Protein chains: 2
Amino acid sequence: MSQTIAADNFPPRGHEAKRVAIVDAAMSVFCREGFAGANIDLIAAEAGVSRQTVYNHHGDKEKLFVAVVRELTERCNAGIFATLATFPDQPKDLEADLVAYAVRMNRNCICSRDGKFLRKLIQTEGERYPELFAEWRENGPGTTLPALAARFARLAFAGHLAIDDPDVTARQFVGLINAELQIEFMMGIQPSQEEVLQSATNGVRTFLKAYGARQPASRLRETSLA
Amino acid sequence: MSQTIAADNFPPRGHEAKRVAIVDAAMSVFCREGFAGANIDLIAAEAGVSRQTVYNHHGDKEKLFVAVVRELTERCNAGIFATLATFPDQPKDLEADLVAYAVRMNRNCICSRDGKFLRKLIQTEGERYPELFAEWRENGPGTTLPALAARFARLAFAGHLAIDDPDVTARQFVGLINAELQIEFMMGIQPSQEEVLQSATNGVRTFLKAYGARQPASRLRETSLA
DNA sequence: AGAAAATTAGACATCCTTGTCCAAATTGTC
DNA sequence: GACAATTTGGACAAGGATGTCTAATTTTCT
């Protein structure tokens, strides 16, 4: 009755761009300064917006913070699942394929700007907002790790791996490919491409020493039939 | 000339206890609230001391923060080296000994109160005080990881392990035994004893699948002589 | 062009925090 | 018991931040 066909949402429209700009700026500032240290004036300035506009869009510093976390969680989960879709289910060269996958995972999800921000926010404010991050925990690692575990189970079923517990395997895979990046993660530093590749290569190599099938494995299922 | 023989330092004495109480309280508050969110009044109250006393001992919020980090770094490094001294250089049962060592490492150094606090402080304020944490990085992982690597090299030399690069091995060992505690670490939660043991057990098992010497290894050196 | 909605800049009240000062009380030492 | 050092509580100034309000301006849609 009031508007044409409703492009996206009912009340405002195009200047949704400002909303995003505010959330983006808030991300950056909250992560740099922490919740208490973050300054709304600074966020407004960094978003290229007046302070009042920040209050118009999100009513409150705390509400703004929640919006930031939700947005980050969404983006990161989307990235993780997109990357998970590229898991090598039918590997040609298992080691090379897993390394490439590990690098994608790290680059797109963990070392990305969003990944770094989400990690930092969880680290700094996780204890203060348990319900908020419980949501992340459920939709994040609680969903993606089992999904990764399922991929490993499939590889094992196809005879490429010899594993016991797929969930343990998935967690150890992540632990191994990130083994050399722990300090950077703690300090909030973005590892270089070389570091990511190096850590992934070493990690996958060790992973396969532990879990690689002893047979060439490419057609183990047929062999068992013969 | 002024005092007897000087028990420890020249100016004050016994009420050094208050200094420690203040630093302890400051640790707790800084970690809970972050630097910006930490409140000197709260620190004073938690230390059972008046605010003025806090300012008498350490002149400044920032100086107090530095004192906290130094103290934490010292304590944690002491703990790590003490634990490193218990590394199983002549293992009877390699798997059991490594698991026990991993559990000690985690319990005493990483999941301890001090370890948790230091980790949190590095995570939250590491970017803001690079020089302060550069010191930690050097004396912490920069010193302890090579020391751990040396122990693994020794195990390999004695025929208990088959490894290529001891430094990589050491980092992967740490990554594996902590693989299942990552989320707890990020959230600042203290893992339970069972979780620590579980993660260590699974981690060591995988570690040995990858790096365990193929021979029984207990007397490989003699064998090679024969 | 004209109307409605959103944005802006600035002033403003309020609250909180840091850090200082000081006089009185407490503590510890000889 | 007396003296020196330390601690205490409270008052205090200065600064900074949040969140509100308002009038003017800009943007957007029809």
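Lettering of chains follows the sequences in order, A, B, ..., and the numbering in each one begins at 1. Note that the structure is predicted; figures quoted are calculated from it, not measured.
As rounded to whole Å, 15 Å separates atom C1' of D:dA5 from atom CD of B:E16. Following rounding to the nearest Å, A:F35 (CZ) and C:dC16 (P) show an atom-to-atom distance of 15 Å. Protein atom CZ of B:R19 is 11 Å distant from nucleotide atom P of D:dT7, rounded to whole Å. Between the NZ atom of A:K63 and the P atom of D:dG19 there is a distance of 9 Å, rounded to whole Å. Taking atom OH of residue B:Y55 and atom C1' of nucleotide D:dG9, one finds them 15 Å apart after rounding to whole Å. Computed from coordinates, the A:I22 CD1 to C:dT7 C1' distance equals 10 Å when rounded to whole Å. Atom CG of A:N56 and atom P of D:dC21 are 12 Å apart (whole Å). The interatomic distance linking B:I40 (CD1) with D:dT8 (P) rounds to 15 Å, in whole Å.
Backbone-only contact: B:A38 has heavy atoms under 4.0 Å from sugar-phosphate atoms and none from a base.
Applying the 4.0 Å criterion to OP1 and OP2 of C:dT8, one finds that A:T53 has a side-chain N or O inside that range. Note on B:N39: a side-chain N or O is less than 4.0 Å away from OP1 or OP2 of C:dT18. The side chain of B:H57 contributes no N or O atom lying less than 4.0 Å from OP1 or OP2 of D:dT6.
Side-chain contact between A:E180 and B:V168 is present, with at least one heavy-atom pair separated by less than 4.5 Å. At least one side-chain heavy atom of A:T83 sits less than 4.5 Å from a side-chain heavy atom of A:Y101.
Side-chain to base pairing of A:R51 with D:dG19: one donor and one acceptor N or O lie within less than 3.5 Å of each other.
The nucleotide whose nearest atom lies closest to any side-chain atom of A:K61 is, among C:dA11, D:dT18, D:dT7, D:dT18. Taking every side-chain heavy atom of A:K18 into account, C:dT7 is the closest of C:dT7, D:dT18, C:dT18.
Without hydrogens or angle criteria, A:T206 side chain to A:N202 main chain gives a donor-acceptor distance under 3.5 Å.
For the residue pair B:Q182 and B:N178, no side-chain donor N or O sits within less than 3.5 Å of a side-chain acceptor on the partner.
Of the residues A:K18, A:R75, A:R19, the one that meets the salt bridge (charged side-chain N to carboxylate O under 4.0 Å, His left out) test with A:D24 is A:R75.
Of the two residues near DNA chain D, A:D41 and B:Q52, the one whose nearest nucleotide lies more 5' is B:Q52.
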